Number of protein chains: 2
Amino acid sequence: MLDETDLRILALLQQNAKLTIKELAEALHLTTSPVFERIKRLEKEGYINNYVALVNPEKVGRGQVVFCNVSMPVYTTENIETFEKIVRQMPQVMECYHLAGMVDYQLKVLVKDIKEYDSFLKSFAEIPMVKVHSSIVVLHDVKYSTEVQL
Amino acid sequence: MLDETDLRILALLQQNAKLTIKELAEALHLTTSPVFERIKRLEKEGYINNYVALVNPEKVGRGQVVFCNVSMPVYTTENIETFEKIVRQMPQVMECYHLAGMVDYQLKVLVKDIKEYDSFLKSFAEIPMVKVHSSIVVLHDVKYSTEVQL
DNA sequence: AGTGAAATGACCCGAGA
DNA sequence: TCTCGGGTCATTTCACT
């Protein structure tokens, strides 16, 4: 599937998507054509999902992270589907995972401050199939990376 | 600080960093020069941290997410600094937050499977100032977004 | 799978409103 | 701050190895 060159391309583009094909080619001791074709292949085959700009949450007033743990008392396929669809549409929810634990879901929510989290929770309480179990406030971010180990 | 045009540029680049300045200019009914200058300003002033390729974790054998909750029994500045430095260097740890809760830290760990998480935990156990409190296995990902609400 | 070259198009920087 | 125009450089394709 992937050879050493592909992995190196992925590693470099995960760190900096603005690298030019020429720069990548130099780093890999190749010309631009094979690098170009490999990138297109990695995109087409789904190794690269997307290229994005990472915005500093603090600078745009979304510096507070809160984890929201919710449980689903009536655990049906329909409830699961409906809830997950709603969550995917909530812009404050950056991440959501279905857990094998005491609570069913964990949501990572990005807000301006605790006051804004309070109003988020109120709107969240309208969703009938889940119950908020607990909220955990983040004191500070230690690490945030989008770079998958290869 | 930021006007409506800046916010629209940030929103678009968060969704797709491969948009050309020309495409952005068309979307905003401007010419390329002001768009170019605004982007440079947003980068220089720290609104845009980075441009990255998002790699599909499943495709490269890192499809299993596990949350690792750890506590720090001896809570000193030195222990905090040392631990956070170690964590930032661990490639399996994608995210780490200092919490205001029952446990002191939550780590989001990306591994191939539970077997690999087991070996991660063993190496983690060598770190003297923390104690693994619990591990929560993810059944499936519901949402993962890097797009901050503007 | 790779090279090298050539056309197309994007980026970037002036001058000017 | 914006528009316009042009020089420079990157991307993309193609013929060949």
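Worth knowing before you read on, the calculation uses all heavy atoms, side chains too, and leaves out hydrogens, waters and symmetry mates. So you know, we letter chains A, B, ... as the sequences are listed, proteins then strands, and number each from 1. Treat the numbers as computed from the prediction; the structure is a model and nothing was measured.
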query: Between the side chains of Gln15(B) and Tyr51(A), does any donor sit under 3.5 Å from an acceptor?
result: no
Could you tell me the separation between the [atom1] atom of [X] and the [atom2] atom of [N], rounded to a whole number of Å?
X: Ile21(B); N: dC9(D); atom1: CD1; atom2: C1'; result: 13 Å
X: Glu4(B); N: dT1(D); atom1: CD; atom2: C1'; result: 17 Å
X: Lys22(B); N: dA10(C); atom1: NZ; atom2: P; result: 5 Å
X: Leu30(B); N: dA17(C); atom1: CG; atom2: P; result: 20 Å
X: Lys18(A); N: dT11(D); atom1: NZ; atom2: C1'; result: 14 Å
X: Leu24(B); N: dC2(D); atom1: CG; atom2: C1'; result: 17 Å

field: Tyr47(A): ring pair (Phe, Tyr, Trp, His ring centres under 6.0 Å) partners, not counting sequence neighbours
entry: none
query: Val138(A), Tyr105(B): one ILVMFWY side-chain cluster at the under-4.5 Å cut-off?
result: no
task: Not counting sequence neighbours, list each pair that qualifies as a salt bridge (charged side-chain N to carboxylate O under 4.0 Å, His left out) and has a residue in residues 63-78 of chain A.
output: none
Close residues, residues 33-49 of chain B, relative to DNA chain C [heavy-atom separation under 4.0 Å]: Ser33(B), Phe36(B), Lys40(B)
- line: Distance col, row Glu84(A):CD vs Met129(A):CE, nearest 0.5 angstrom, shows 11.0 Å
- prompt: Taking all non-hydrogen atoms of both residues, which atom of Ile48(A) and which atom of Ala53(B) are closest, and how far apart?
  reply: CG2-CB, 4.2 Å
